[in-house]
Engineer: 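Here it is, the structure in full.
Owing to the predicted nature of the structure, the values given are computational and were not obtained by experimental measurement.
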Amino acid sequence: MANKPHWFMFLLIPMILLLAITRIGNTIDIQIHNTYIVINPIHFGLLLSVILGSFGGLYWLVRKKKLIYWMTIAHVLVTGIGLLSITGFSLKPDILNGTSGNSFYNYEQYQTIIMIISIAMLVWLLCQILFFINVAAGVMRNKEK
């Protein structure tokens, strides 16, 4: 995974798209205070696939540079697990509700889902800083593998 992280990123794309395609017909409804965000699942899956493809492409561009091992592993794992969990909880919120299909959530259950998604997104965003530091360090060191 540390030697070819771009392959791991590229392999996550079909998994994200599969999760999004299986949820066609429903929408992702996110309420943050007085703002409602309604997203079509296929658009959400395509957006996350573009993000993963971009990271995979950047890793492919610097594949001959020596990157910091632990930063590469941390970024790849947090990006993969984070995007899968964000996608899973966004597309399948009934996991925590214990029901199937469309159902009305009570406020506490809905807030739990939003809190999990928010924490996962925050950790994911913070880990992206590691990616850019790692790539910058690899390019500045100018060492080949």
Side-chain angles (χ1 to χ4, degrees), residues 1-33 35-103 105 109-145:
M1 186 182 337
N3 294 331
K4 296 185 180 184
H6 53 280
W7 288 113
F8 185 74
M9 297 290 183
F10 294 148
L11 289 174
L12 284 175
I13 292 173
M15 293 169 59
I16 297 284
L17 287 176
L18 184 65
L19 279 172
I21 289 171
T22 59
R23 193 65 176 184
I24 288 180
N26 296 321
T27 58
I28 302 168
D29 303 323
I30 300 172
Q31 176 192 3
I32 303 173
H33 300 293
T35 304
Y36 291 90
I37 302 168
V38 180
I39 305 168
N40 189 345
I42 194 69
H43 294 146
F44 186 69
L46 289 172
L47 173 68
L48 294 181
S49 297
V50 167
I51 291 170
L52 282 172
S54 299
F55 286 135
L58 287 172
Y59 271 125
W60 182 80
L61 286 174
V62 295
R63 69 189 179 280
K64 294 186 180 180
K65 300 291 183 187
K66 184 161 177 58
L67 300 177
I68 300 169
Y69 181 80
W70 71 269
M71 282 188 181
T72 303
I73 295 294
H75 176 257
V76 170
L77 286 178
V78 170
T79 298
I81 293 169
L83 285 182
L84 284 175
S85 66
I86 290 167
T87 304
F89 280 114
S90 297
L91 296 176
K92 305 285 185 191
D94 297 328
I95 292 170
L96 292 180
N97 196 15
T99 63
S100 62
N102 293 333
S103 59
Y105 304 105
Q109 291 170 332
Y110 188 75
Q111 291 303 315
T112 302
I113 293 168
I114 295 298
M115 183 62 68
I116 290 171
I117 293 171
S118 299
I119 291 170
M121 288 177 77
L122 179 64
V123 170
W124 184 83
L125 285 171
L126 290 174
C127 190
Q128 302 319 304
I129 296 170
L130 283 179
F131 171 71
F132 291 110
I133 291 171
N134 194 8
V135 169
V139 170
M140 288 174 36
R141 279 194 277 173
N142 203 15
K143 291 183 180 178
E144 299 289 326
K145 282 186 176 179

Engineer: What I'd like to find out is whether the side chain of Leu52 reaches to under 4.5 Å of the side chain of Phe10, using heavy atoms alone.
Structural biologist: no

Engineer: Any idea which heavy atoms bring Val76 and Phe8 closest together, and the distance?
Structural biologist: CG1-CD2, 2.9 Å

Engineer: Can you confirm whether Leu130 sits close enough to Thr72 that some side-chain heavy atom of one is under 4.5 Å from a side-chain heavy atom of the other?
Structural biologist: no

Engineer: Would you say the side chain of His75 lies within less than 4.5 Å of the side chain of Ile68, judging by non-hydrogen atoms?
Structural biologist: no

Engineer: Could you check if a side-chain atom of Leu122 sits within less than 4.5 angstrom of a side-chain atom of Ile119, using non-hydrogen atoms only?
Structural biologist: no

Engineer: Would you say CH2 of Trp124 has more than 12 non-hydrogen atoms from neighbouring residues, nucleotides or ligands within 6.0 angstrom?
Structural biologist: yes

Engineer: I want to check something: taking the side chain as every heavy atom from C-beta on, are Met9 and Trp60 in contact at a cut-off of under 4.5 Å?
Structural biologist: no

Engineer: Hey, what do you get for CD1 (Ile129) to CG (Asn134), rounding to the nearest 0.5 Å?
Structural biologist: 13.5 Å

Engineer: Could you state the interatomic distance from CD1 (Ile13) to CG (Leu18), rounded to the nearest 0.5 Å?
Structural biologist: 13.5 Å

Engineer: Can you confirm whether Met71 sits close enough to Ile133 that some side-chain heavy atom of one is under 4.5 Å from a side-chain heavy atom of the other?
Structural biologist: yes

Engineer: I want to check something: taking the side chain as every heavy atom from C-beta on, are Tyr59 and Phe131 in contact at a cut-off of under 4.5 Å?
Structural biologist: yes

Engineer: Give me the atom names and distance for the closest heavy-atom approach of Gly45 to Ile16.
Structural biologist: O-CG2, 3.8 Å

Engineer: Once rounded to the nearest 0.5 Å, what's the spacing between atom CG of Leu17 and atom CD1 of Ile42?
Structural biologist: 6.0 Å

Engineer: Give me the atom names and distance for the closest heavy-atom approach of Cys127 to Ala74.
Structural biologist: SG-O, 3.6 Å

Engineer: Determine whether His43 and Leu47 satisfy the following criterion, side chain to side chain contact (heavy atoms under 4.5 Å, CB included), listing intermediate values before the conclusion.
Structural biologist: CA-CA 6 Å; His43 294 146; Leu47 173 68; over 6 Å; no

Engineer: For residues Leu61 and His6, determine if any side-chain heavy atom of one lies less than 4.5 Å from a side-chain heavy atom of the other.
Structural biologist: no

Engineer: Evaluate the side chain to side chain contact (heavy atoms under 4.5 Å, CB included) criterion for residues Val78 and Gln128: first the C-alpha distance (whole Å), next the side-chain angles of each, then the deciding distance (0.1 Å), finally the verdict.
Structural biologist: CA-CA 9 Å; Val78 170; Gln128 302 319 304; 5.5 Å; no

